[in-house]
Amino acid sequence: MPKKKIIFLLGPTGIGKSAAAIILAKKINAEIISCDSMQVYRKMNILTSKASSAQRKKIKHHLLSKIDPTREYNVAKYRQDALLICEKLFRKGKTPLFVGGTGLYYSIIVDGLFPAVPQDKAIRTKLEKQLKQKGNKYFYRKLLKVDAGAAGKIHPNDTRRIIRALEVYLKTGECISQLQKNRVGLGKDYNIKVLGLNLDRQHLYDRINQRVDKMFELGLISEVKRLLKYKLSQTAQCAIGIRELKGYFDANYPLAEAKRLMQRNSRHYAKRQLTWFRKDKRIKWVDIKQKESPAQVALKLWKKLS
RNA sequence: GCCGAGAUAGCUCAGUGGUAGAGCGCGGCCCUGAAAAGGCCGGCGUGGGGGGUCCGAUUCCCUCUCUCGGCA
């Protein structure tokens, strides 16, 4: 029996993955699974450029608007949810088409998640308190003592990772650097195709800037204002636009500045995404031109699949 | 046309007689339970053109060009 096929469509924010994906999905009898860490949240539609309900009627989208923005979400949950949906699609005879720009989520599906422990609130609070009192250097030395392997890979200022490594050690007595070696990916059991969309940097940045302009036209301000009435989870509040608009609502700067920051942070984000994707040799890149329509892009993608 | 100010990084500008910095922008990279997050690295330059003084000029002098004010 041939291996079941899973397709990924990756690419930087704003490049036009979603629109092309819908057309591609139609052609290949696929349903779309979002590979995006922010589109899972409800009430964040304009902010995350989620597919419209009209688009969603054309092709079923999974893992969109699944979680309330007051709740936490993370890679492990994503993996669990996404694999479940994959199985469901296979039973229906559909091909899963993962679409998104969250490189870690992609990697976690394809390369696997090493068996570790979930976050532990109590341990974290303690560690964070210690970090505050003793400073980065001391904290880093602490990690160096218990897990030199991890310390070698983590910069002393990257306290978020240091906390995680220590958390794993305190919880399990094992080194995260050792655990990380045990990951089992999907490659053996499935036929995985990975497509990437790219556009020259200047035009990509133009698109990103324009997309932010568009968000404002569509009513971003009231959407975010509404969102801020809730106590957003730590993860949900990381979406680009929330912090930036909050500064405007708090009268720290004018609206134009909020928009400028959103555009800049989105550009930086796209750049980081490209860095992440660049080193992944499994990605088959499809270069698009500035003015290509979603249908044209979808056609190029489709050709790349055969 | 005259008077004044200026011309230094992609932009805004600082500074110095011993071949230049800052902020923003931009580029590169790392990444496993917060990943649209978090962290690291990089000045990316014919100092407007030409001449002079000097051991040595981006810095001082002359000149040309351009820009911005003001006066005509």
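Here is how names work: the chains are called A, B, and so on, in the same order as the sequence lines, proteins then strands, and each is numbered from 1.
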Presence of A:Arg264 side-chain N/O under 4.0 Å of B:G25 phosphate oxygens OP1/OP2: yes
Phosphate contact (B:G39 OP1 or OP2) by A:Asn157 side-chain N/O below 4.0 Å: no
side-chain N/O A:Tyr105 vs B:A37 OP1/OP2, d < 4.0 Å: no
Rounded P spacing from B:G48 to B:A20 in Å: 15 Å
Aromatic A:Trp276 / basic A:Lys279 pairing, under 6.0 angstrom, 45° off normal: yes
Side-chain-base donor-acceptor pair under 3.5 Å for A:Arg161 and B:U32: no
B:G28 OP1/OP2 closer than 4.0 Å to side-chain N/O of A:Lys271: yes
Any A:Arg272 side-chain N or O less than 4.0 Å from OP1/OP2 of B:A35: no
Among B:C30, B:G33, B:U32, the one nearest A:Thr275 by side-chain distance: B:C30
Pairwise P distance, B:G17 and B:G70 [rounded to whole Å]: 33 Å
Atom-to-atom span, CG of A:Leu104 to C1' of B:G33 - whole angstrom: 9 Å
Ion pair check, A:Lys77 and A:Asp81, cut-off under 4.0 Å: no
5' precedence on RNA chain B between A:Met215 and A:Leu261 (nearest-nucleotide basis): A:Leu261
Aromatic plane relationship, A:Phe8 with A:Phe98 - under 30° parallel, 30 to 60° tilted, over 60° perpendicular: parallel
Short side-chain N/O contact to B:C26 OP1/OP2 from A:His268, under 4.0 Å: yes
Sugar-phosphate only, base, or nothing, as touched by A:Thr235 at under 4.0 Å among non-hydrogen atoms: sugar-phosphate
Protein-nucleotide distance (A:Tyr169, atom OH; B:U32, atom C1'), rounded to Å: 20 Å
Phosphate OP1/OP2 of B:U32: any A:Lys181 side-chain N/O under 4.0 Å: no
Touch class at under 4.0 angstrom, heavy-atom based, for A:Tyr106 against every strand present: nothing
Sugar-phosphate only, base, or nothing, as touched by A:Ser233 at under 4.0 Å among non-hydrogen atoms: nothing
NZ/NE/NH1/NH2 to OD/OE distance under 4.0 Å, A:Arg282 and A:Asp111: yes
Pairwise C1' distance, B:U19 and B:C68 [rounded to whole Å]: 30 Å
Parallel, tilted or perpendicular: ring planes of A:Tyr190 versus A:Phe90, cut at 30 and 60 degrees: parallel
Euclidean distance, atom NZ of residue A:Lys137 to atom P of B:G39 [Å, nearest integer]: 16 Å
B:A37 phosphate, OP1 or OP2, under 4.0 Å from A:Arg160 side-chain N/O: no
Whole-Å distance separating the CG atom of A:Asp81 from the P atom of B:G33: 17 Å
Separation of the C1' atoms in B:G10 and B:G27, to the nearest angstrom: 12 Å
Cation-pi geometry met for A:Lys259 and A:Phe216 (6.0 Å, 45°): yes
Distance, C1' atom - from B:A9 to B:G23, rounded to whole angstrom: 12 Å
Same-atom distance (C1') from B:G28 to B:U46, integer angstrom: 26 Å
Aromatic ring pairing A:Tyr78/A:Tyr73, orientation class (parallel under 30°, perpendicular over 60°, tilted between): perpendicular
Pair pattern of RNA chain B in dot-bracket, where unpaired bases get dots and | marks partners in another strand, Watson-Crick or G-U under 3.5 angstrom: (((((((..((((....[..))))((((((.......))))).)...(((((..]....)))))))))))).
OP1 or OP2 of B:G33 under 4.0 Å from side-chain N/O of A:Tyr78: no
Euclidean distance, atom CZ of residue A:Arg124 to atom P of B:A37 [Å, nearest integer]: 17 Å
Gap in Å between the two C1' atoms, one belonging to B:G43 and one to B:G4, rounded: 34 Å
Between B:G25 (P) and A:Gln263 (CD): distance, integer Å: 12 Å
Donor-acceptor pair between A:Ser177 and A:Lys153 side chains, under 3.5 angstrom: no
B:G28 phosphate, OP1 or OP2, under 4.0 Å from A:Arg201 side-chain N/O: yes
Distance in angstrom units between A:His155 NE2 and B:G38 P, rounded: 16 Å
